[in-house]
Visitor: 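Supplied in structure tokens, the structure appears directly below.
Remember, it's a predicted structure, so these values are computed and weren't measured experimentally.
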Amino acid sequence: MKWIRFTTGPTTSYGIVEGTTVQPVRGDPFTGYERLPQRLDLETVKLEVPVIPGTFYAAGMNYARHVEEVARAHGVPAQLPRQADIGYRANNALLPHGENVIIPADAGDKIQYEGELVVVMGQKARNVSEAEALQCVMGYTIGNDVSERDWQKSDRTFWRCKNSDTFKPMGPWIETDFDISNARTQVRVNGAVSYEFDTGAMIFGVSHFISRMSQYVTLFPGDVIWMGTDGASPDLRHGDTVEIAISGIGALRNRFVRASA
């Protein structure tokens with residue numbers, strides 16, 4: 001099942017995608033819903049971020065080649081993380097599929113993508129085991145963790161380099177039927193393949209992250225966990241379009257536009 005948040009006229013609501021149509025619902029997939037009788041053409045609705053999370057979590061350095069690329073860029077030996085640590089991102093940075101990422105006018109030239117699998121929680125999780133963890137997941141979507149790498153060197157809390165408005169595209173929908181074991185992530189820049197990798201080739205998997213996190217923090221329905229990326233990104237320029245496709249989910253596409261000074 002594919003869940004979207006969408007807007008028609010003045011109303012934003014949830015709906016279920018079936019082929020090329022959307023069936024609106026009353027309510028939401030987290031607290032309960034009722035299917036409404038009408039059908040809408042998917043192409044005629046405005047897609048929104050598929051969920052506004054209560055808490056926005058992000059795993060860093062969770063793919064070996066990404067760790068190696070970062071270490072090589074800094075001229076230091078690669079050291080894989082020894083435990084699954086989590087960070088936080090800001091909701092103000094969320095951006096729907098199809099809308100423009102705005103590069104601040106004073107940003108440097110090192111604007112980069114990170115194509116990520118996003119876990120969407122469906123049930124409250126506290127002190128769950130790895131065996132129980134996936135039962136708490138509603139589904140999965142796609143994220144683009146945009147970064148300004150020059151700012152990243154000086155922003156002690158990543159408040160600006162990772163969380164500027166529009167720096168976190170997410171969507172286009174939540175897929176509830178997804179098999180990570182067979183999934184591939186492919187990133188295309190202006191239609192050309194830039195990078196691809198096995199989505200499930202994580203250092204620490206989804207179950208491990210949820211279980212470890214839940215020993216210390218309570219995860220709630222609607223919370224999201226971005227699971228990290230592999231490889232490295234080229235520096236993006238004004239006008240570039242980045243499309244992140246994960247097999248079994250779909251594709252998230254956004255254009256990058258530099259703001260005027």
Side-chain angles (χ1 to χ4, degrees), residues 49 52-96 99-118 142-170 185 187 189-190 194-195 197 202-204 209 212-213 216-217 223-242 244 252 254-261:
V49 173
I52 303 298
T55 307
F56 183 168
Y57 299 98
M61 301 298 182
N62 198 29
Y63 287 80
R65 283 187 297 178
H66 185 59
V67 174
E68 292 163 1
E69 292 282 356
V70 171
R72 186 178 301 112
H74 288 83
V76 298
Q79 294 185 338
L80 297 185
R82 297 182 179 180
Q83 60 187 22
D85 289 336
I86 201 75
Y88 297 86
R89 298 291 180 261
N91 282 356
N92 68 277
L94 289 170
L95 181 75
E99 295 197 9
N100 291 341
V101 175
I102 305 301
I103 304 170
D106 62 337
D109 292 331
K110 290 190 175 299
I111 306 297
Q112 299 180 351
Y113 67 71
E114 291 185 1
E116 306 200 14
L117 178 70
V118 178
I142 303 170
N144 185 353
D145 184 1
V146 177
S147 303
E148 205 282 19
R149 299 302 188 189
D150 290 329
W151 289 347
Q152 189 168 338
K153 297 174 184 177
S154 60
D155 291 350
R156 289 180 295 112
T157 61
F158 290 177
W159 72 278
R160 176 182 55 160
C161 66
K162 290 281 190 179
N163 295 308
S164 290
D165 288 352
T166 76
F167 269 26
K168 293 293 169 283
M170 185 171 73
T185 299
V187 186
V189 179
N190 302 326
S194 172
Y195 204 85
F197 57 93
M202 301 171 181
I203 298 171
F204 301 104
F209 258 101
R212 174 170 164 76
M213 291 167 65
Y216 304 95
V217 300
D223 286 351
V224 298
I225 309 169
W226 290 38
M227 293 303 301
T229 194
D230 207 353
S233 165
D235 296 335
L236 301 171
R237 299 287 182 255
H238 171 81
D240 284 346
T241 296
V242 175
I244 299 167
L252 170 68
N254 300 89
R255 185 168 179 261
F256 284 64
V257 176
R258 184 173 287 272
S260 300

Visitor: Sub-3.5 Å donor-acceptor pair from the side chain of His66 to the main-chain atoms of Met61, do we have one?
Guide: no
Visitor: Taking side chain as C-beta onward, heavy atoms only, is Ile142 less than 4.5 Å from Leu117?
Guide: no
Visitor: Heavy atoms only: give me the nearest Asn100-Leu95 pair and the separation to one decimal.
Guide: O-CD2, 3.5 Å
Visitor: Looking only at heavy atoms, what is the nearest atom pair of Pro169 and Val101, with distance?
Guide: CG-CG2, 3.7 Å
Visitor: For the CG atom of Asn62 and the CD1 atom of Ile203, what is their distance to the nearest 0.5 Å?
Guide: 5.5 Å
Visitor: Using 0.5 Å steps for rounding, measure from the CG atom of Asp155 to the CZ atom of Arg160.
Guide: 4.5 Å
Visitor: Verify the distance criterion only: is there a donor paired with an acceptor across the side chains of Tyr195 and Thr185 at less than 3.5 Å?
Guide: no
Visitor: Using a strict 4.0 Å threshold on nitrogen-to-oxygen distance, state whether Arg149 and Asp235 make a salt bridge.
Guide: no
Visitor: Which heavy atom of Arg82 sits nearest a heavy atom of Phe204, and at what distance?
Guide: C-CZ, 3.7 Å
Visitor: How close do Phe197 and Arg65 get, counting heavy atoms only, and between which atoms?
Guide: CB-NH2, 3.3 Å
Visitor: Looking at Arg258, is its backbone amide N or carbonyl O close enough to the side chain of His238 to form a donor-acceptor pair, meaning the two atoms are under 3.5 Å apart?
Guide: yes
Visitor: Do Tyr57 and Val224 come close enough that some side-chain heavy atom pair is under 4.5 Å?
Guide: no
Visitor: Tell me whether Asn91 contacts the main-chain N or O of Pro53 through its side chain, where contact means a donor paired with an acceptor under 3.5 Å.
Guide: yes
Visitor: Glu148 side chain to Asp150 main-chain N or O, any donor-acceptor pair under 3.5 Å?
Guide: yes
Visitor: Check the pair Asp145, Phe167 against side chain to side chain contact (heavy atoms under 4.5 Å, CB included), reporting the backbone distance first and the verdict last.
Guide: CA-CA 7 Å; Asp145 184 1; Phe167 269 26; over 6 Å; no
Visitor: Between the side chain of Ser233 and the main-chain N/O of Tyr113, is any donor-acceptor distance below 3.5 Å?
Guide: yes
Visitor: Carefully, step by step, assess Phe209 and Met202 under the rule side chain to side chain contact (heavy atoms under 4.5 Å, CB included).
Guide: CA-CA 11 Å; Phe209 258 101; Met202 301 171 181; over 6 Å; no
Visitor: Do side-chain atoms of Glu69 reach the backbone of Ala232 as a donor and acceptor pair under 3.5 angstrom?
Guide: no
Visitor: Output yes when a side-chain donor or acceptor of Thr166 lies under 3.5 Å from a complementary backbone atom of Ile102, and no otherwise.
Guide: yes
Visitor: Specify the closest pair of heavy atoms between Ser194 and Val189, including all atoms of both residues, with the distance to one decimal.
Guide: CB-CG2, 3.9 Å
Visitor: What's the spacing between Ile225 CD1 and Glu116 CD if we round to 0.5 Å?
Guide: 12.0 Å
Visitor: Counting only N and O atoms by type, is there a donor-acceptor contact under 3.5 Å from the side chain of Lys162 to the main-chain atoms of Arg89?
Guide: no
Visitor: About how many Å separate CE of Met170 and CG of Asn144, when rounded to the nearest 0.5 Å?
Guide: 12.5 Å
Visitor: Could you give me the CA-CA distance, side-chain angles and deciding distance for Asp240 and Arg255, then say whether salt bridge (Lys or Arg N to Asp or Glu O under 4.0 Å) is met?
Guide: CA-CA 6 Å; Asp240 284 346; Arg255 185 168 179 261; over 6 Å; no
Visitor: Taking all non-hydrogen atoms of both residues into account, name the closest pair between Asn163 and Ala90 and its distance.
Guide: OD1-N, 3.1 Å
Visitor: Evaluate side chain to side chain contact (heavy atoms under 4.5 Å, CB included) for Thr241 paired with Asn254, printing each intermediate quantity in order.
Guide: CA-CA 6 Å; Thr241 296; Asn254 300 89; over 6 Å; no
Visitor: Go through the steps for Lys110 and Trp151 under the test side chain to side chain contact (heavy atoms under 4.5 Å, CB included), then give the verdict.
Guide: CA-CA 9 Å; Lys110 290 190 175 299; Trp151 289 347; over 6 Å; no
Visitor: Run the ring-ring contact (aromatic ring centres under 6.0 Å, His included) check on Phe56 and Tyr88 step by step: do they pass?
Guide: CA-CA 6 Å; Phe56 183 168; Tyr88 297 86; 9.6 Å; no
Visitor: Do other residues, nucleotides or ligands put more than 12 heavy atoms under 6.0 Å from the CD atom of Gln79?
Guide: no
